[in-house]
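Below is one structure; the comments refer to it alone.
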Protein chains: 2
Amino acid sequence: MRKGAETRERLLSIAETAVLAKGFGATSIEELIAEAEITKSGFFYHFKDKTELARALIVRYLEADEVLLDDLFKRARELNVDPLHSLLIGLKLLAEMMADLPEGHPGCLVATICYQERLFDKDIHELTRGGALAWRARFVRVLEEISEIYPPNDDVDLVEVADLISTIVEGGIIMSKALREPEKLAAQVILLRSYIKLLFSPRPS
Amino acid sequence: MRKGAETRERLLSIAETAVLAKGFGATSIEELIAEAEITKSGFFYHFKDKTELARALIVRYLEADEVLLDDLFKRARELNVDPLHSLLIGLKLLAEMMADLPEGHPGCLVATICYQERLFDKDIHELTRGGALAWRARFVRVLEEISEIYPPNDDVDLVEVADLISTIVEGGIIMSKALREPEKLAAQVILLRSYIKLLFSPRPS
DNA sequence: GATAAAACTGTACCGGCGGTACTGTACTCG
DNA sequence: CGAGTACAGTACCGCCGGTACAGTTTTATC
């Protein structure tokens, strides 16, 4: 029972790395079991087919993601009660976290799945959509709180601004990879911070 | 000679659609030749292996991309001589173009390749990097021109701002797909426009 | 209208992979 | 001690990428 869960975890870890590096379709079960040092039977004991592996991968990924962001923005909240400054601190912490990945961000599973739509069923797409909506909900809440205190300097939809955070993280990951500049992601998050600052900071009048 | 190029083009078109929808590794040569109505021998006459298909795909993609952007920002330039307003118009045209894709943006080949690094050789990665750098160069030029007239309202690196454009397009495509909201991409580009506006517009003092 | 090159088709084969099916077995928890 | 858990072993199927190579039709060119 305990050992089973451990093997499953190891399989998922190996699979996640492989999928982010080569895509889901190009990741063979054989290479996974070779690295995990188990047999094919062992694999199919844990996952009835490749689709179930995919489902388990995203569920695990989204859960870890949520825990990570919860923690990060809770810390940011503790450092400053003002919602705007708390968000700005949170974005700085986020950028620092990204910058601390020496090999660069390994990639986002949601993005991989979106770029291989036809390989996955509606079920899995619903999960990735849920992940994106969770980010949106998290930041819309904060942005509304901010805009009540600091009226925005431009006529923008707060839902769009919330989604911009996801957009820049996803885009930043790709740009980091494309340019082979691991620091790019953090730098783009800092630029997002600059936008939030300009958007909500009271103008000198 | 003429007919050969035509078949090659048809193959590339079919392959591009398939790769963007399923990833490179999951795209089989068999399905491509089935849709193109040729035989396997025909395929290998045009491309000596799958890797050469990949190379031809990006080269074609990047060339088309360049032509498209050249045209778009040339039109923007003709509508307004001021570099800031010209860029803002250009971004609006870009957003409109994105919004005109009824099924949403089909996806960016550079992103697909980045998310399947291990499948491609250094050669191909150099091509995608070149594509990203071309976008950067294009916009850095304009941004420098702008900042000479309108000093930026925040201390930002213009290279980062230039890369932000690519970041938001790449991220916007993913968010459009993840949320299944085709309009998302255009909306995020418009938000980028809002940032450029806030960054360079003279503050009322 | 002959000729050569271009643009394929046809056939046959290899090894790897996803997936299925079923049997056997070591470990472990109650 | 017995029942489930967590695998290992073996055998097999069909699809796919890739190779090899011979044959055939189409097309441009002189």
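These values consider heavy atoms only, across backbone and side chains, with no hydrogens, waters or symmetry-generated copies.
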For [X] and [N], what is the distance between atoms [atom1] and [atom2] respectively, to the nearest whole Å?
{"X": "A:Lys22", "N": "C:dC17", "atom1": "NZ", "atom2": "C1'", "value": "12 Å"}
{"X": "B:Phe43", "N": "C:dA6", "atom1": "CZ", "atom2": "C1'", "value": "18 Å"}
{"X": "A:His46", "N": "D:dT5", "atom1": "NE2", "atom2": "P", "value": "12 Å"}
{"X": "B:Leu11", "N": "C:dA7", "atom1": "CG", "atom2": "P", "value": "13 Å"}
{"X": "B:Glu37", "N": "C:dT9", "atom1": "CD", "atom2": "P", "value": "10 Å"}
{"X": "A:Glu6", "N": "C:dT28", "atom1": "CD", "atom2": "P", "value": "12 Å"}
{"X": "A:Lys48", "N": "C:dG18", "atom1": "NZ", "atom2": "C1'", "value": "15 Å"}
{"X": "B:Phe44", "N": "D:dG17", "atom1": "CZ", "atom2": "P", "value": "8 Å"}

Please work out which residues in residues 27-36 of chain B have a non-hydrogen atom less than 4.0 Å from an atom of DNA chain D and list them by number. B:Thr27, B:Ser28, B:Ile29, B:Glu30
Has A:Thr7 got a side-chain N or O lying under 4.0 Å from the OP1 or OP2 atom of D:dA6? no
Is there a side-chain contact between A:Tyr45 and the phosphate of D:dC7, meaning an N or O under 4.0 Å from OP1 or OP2? no
What are the two closest non-hydrogen atoms of A:Asn80 and A:Ile89, and how far apart are they? CB-CD1, 3.7 Å
A:Tyr150 and A:His85 have their tightest heavy-atom pair at OH-CE1, 4.0 Å
D:dG9, C:dT9, C:dT20: which one has an atom nearest the side-chain heavy atoms of B:Ser41? C:dT9
When you get a sec, tell me which of C:dG18, D:dC7, D:dA8 is the closest nucleotide to the side chain of A:Thr39? D:dA8
Result for ring-ring contact (aromatic ring centres under 6.0 Å, His included) between A:Phe47 and one of A:Phe44, A:Tyr45, A:Phe43 points to A:Phe43
Polar side-chain contact A:Lys40-C:dG18 base: donor and acceptor under 3.5 Å: yes
Between the side chains of [Y] and [X], is the shortest nitrogen-to-carboxylate-oxygen separation below 4.0 Å, so that they form an ion pair?
{"X": "A:Arg136", "Y": "B:Glu181", "result": "yes"}
{"X": "B:Lys177", "Y": "A:Glu170", "result": "no"}
{"X": "B:Arg129", "Y": "B:Glu126", "result": "yes"}

If we ignore hydrogens and angles and just use 3.5 Å, is the side chain of B:Arg10 paired with the main-chain N or O of B:Ala36 as donor and acceptor? yes
Please tell me whether B:Asp154 and B:Tyr195 have a donor and an acceptor in their side chains that are separated by less than 3.5 angstrom. no
Hey, what bend do you get for the helix from C:dG1-D:dC30 to C:dG30-D:dC1 if you fit axes on five pairs at each end, rounded to 10°? 30°
B:Glu145 meets the side chain to side chain donor-acceptor pair (under 3.5 Å) criterion, sequence neighbours left out, with B:Arg77
